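Accompanying notes for the structure given below.
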Amino acid sequence: MRPGVVLNPATPVSAAEDVLPYVDMVLLMTVNPGFPGQAFIQGMEEKVARMRRLLDERGLSTELEVDGGVKAHNASMLAKAGATVLVAGSAVFDAPDGIEAAIGQLRASVGEL
């Protein structure tokens with residue numbers, strides 16, 4: 001097991017500042033939890049970038065995970081903002097072309113980074 005902290009979309013990055021030295025992973029939710037298949041909340045990439053800057057400024061090697069509305073069309077943007085782990089549920093499991101194709105599309109979208 002590894003310790004982590006999760007921030008919902010409305011929770012500011014500053015709410016996790018005091019625990020960052022003690023966690024191995026920060027999960028930023030980019031949809032409100034509990035309802036699968038929601039669309040990514042626009043503007044959340046800025047929150048990802050703020051958390052990445054905070055982690056980097058403190059010299060922490062903490063994984064920065066993003067969950068919620070992650071699709072091939074926004075995965076690259078999230079990775080560029082600083083996410084190191086992307087969770088893609090409905091983008092993979094509800095993909096019309098199948099799981100393998102969906103994973104390939106996600107990988108291709110961040111492959112150039």
Side-chain angles (χ1 to χ4, degrees):
M1 286 192 287
R2 298 179 349 177
V5 64
V6 180
L7 300 180
N8 283 336
T11 306
V13 166
S14 61
E17 283 189 69
D18 291 342
V19 299
L20 291 178
Y22 309 105
V23 299
D24 295 322
M25 185 266 306
V26 173
L27 170 58
L28 298 180
M29 295 299 299
T30 52
V31 300
N32 291 303
F35 305 98
Q38 293 179 72
F40 176 83
I41 298 172
Q42 294 303 313
M44 293 302 293
E45 66 275 9
E46 290 301 320
K47 186 173 185 176
V48 174
R50 281 194 309 275
M51 181 58 79
R52 172 50 53 207
R53 282 192 299 275
L54 186 57
L55 293 169
D56 290 348
E57 287 168 0
R58 293 179 176 207
L60 299 170
S61 59
T62 308
E63 293 282 3
L64 179 49
E65 185 173 346
V66 173
D67 184 2
V70 174
K71 310 254 188 243
H73 72 271
N74 61 15
S76 178
M77 169 190 63
L78 293 167
K80 286 177 184 173
T84 56
V85 178
L86 300 175
V87 177
S90 62
V92 172
F93 296 107
D94 295 340
D97 295 331
I99 293 171
E100 188 174 334
I103 291 172
Q105 291 170 353
L106 284 162
R107 286 185 173 153
S109 72
V110 297
E112 70 276 0
L113 299 178

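On a predicted model such as this, the values are computed, not experimentally measured, just so you know.
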Requested in this report: Give the cluster check for Val19 versus Leu55: same hydrophobic cluster or not, with ILVMFWY residues linked at side-chain heavy-atom distances below 4.5 Å.
Outcome: yes
Query raised in the report: If every non-hydrogen atom of Ala102 is compared with every non-hydrogen atom of Ala91, which pair is closest and at what distance?
Result: CB-O, 3.4 Å
**Report entry** From Ser61 atom OG to Asp24 atom CG, the distance as rounded to the nearest 0.5 Å
**Finding:** 7.5 Å
Query raised in the report: Looking only at heavy atoms, what is the nearest atom pair of Thr30 and Pro9, with distance?
Result: C-CG, 4.3 Å
**Report entry** Lys71-Ser90 side chain donor-acceptor pair, cut-off 3.5 Å
**Finding:** yes
Query raised in the report: For the hydrophobic clusters of this structure (ILVMFWY residues joined by side-chain heavy atoms under 4.5 Å, transitively), does one cluster hold both Met51 and Leu86?
Result: yes
Requested in this report: Examine Val23 and Met25 and state if one hydrophobic cluster contains both, with Ile, Leu, Val, Met, Phe, Trp and Tyr joined whenever side-chain heavy atoms are less than 4.5 Å apart.
Outcome: no
Query - Backbone N/O of Leu64 and side chain of Thr84: donor-acceptor pair under 3.5 Å - result: yes
Query raised in the report: Taking side chain as C-beta onward, heavy atoms only, is Met29 less than 4.5 Å from Val6?
Result: yes
Query raised in the report: Are side-chain heavy atoms of Val66 and Val48 found at a separation under 4.5 Å?
Result: yes
Query raised in the report: Are Val5 and Leu60 joined in one hydrophobic group, where the rule is that I, L, V, M, F, W and Y side chains link up if heavy atoms are under 4.5 Å apart?
Result: yes
**Report entry** Over all atoms of both residues, closest heavy-atom pair of Leu28 and Lys47
**Finding:** CD1-O, 3.9 Å
Query raised in the report: Hey, mind stepping through Val26 and Glu63 against side-chain contact (heavy atoms from CB on, under 4.5 Å) and telling me if it holds?
Result: CA-CA 6 Å; Val26 173; Glu63 293 282 3; over 6 Å; no
Query raised in the report: Which pair of non-hydrogen atoms, one from Leu20 and one from Thr62, has the smallest distance, and what is that distance?
Result: O-OG1, 4.3 Å
Report task. Supply the atom-to-atom distance Asn74 CG to Met44 CE, rounded to the nearest 0.5 angstrom. Result -> 12.0 Å
Report task. Determine, for Arg52 against Glu45, whether the closest basic-nitrogen to carboxylate-oxygen distance falls under 4.0 angstrom. Result -> no
Requested in this report: Check whether any side-chain heavy atom of Leu78 lies under 4.5 Å from a side-chain heavy atom of Phe40, and answer yes or no.
Outcome: yes
Report task. Could you tell me whether the side chain of Val92 reaches within less than 4.5 Å of the side chain of Leu106, counting heavy atoms only? Result -> yes
Query raised in the report: Do the side chain of Glu57 and the main chain of Leu54 share a donor and acceptor less than 3.5 angstrom apart?
Result: no
Query - In one Ile/Leu/Val/Met/Phe/Trp/Tyr side-chain cluster, 4.5 Å: Met77, Ile41 - result: yes
Report task. Looking only at non-hydrogen atoms, find the nearest pair between Phe93 and Ile99 and report the distance. Result -> CD2-CD1, 3.7 Å
**Report entry** Heavy-atom side-chain proximity of Ser109 to Gln105 below 4.5 angstrom
**Finding:** no
Query raised in the report: Which heavy atom of Pro33 sits nearest a heavy atom of Asn8, and at what distance?
Result: CG-OD1, 3.3 Å
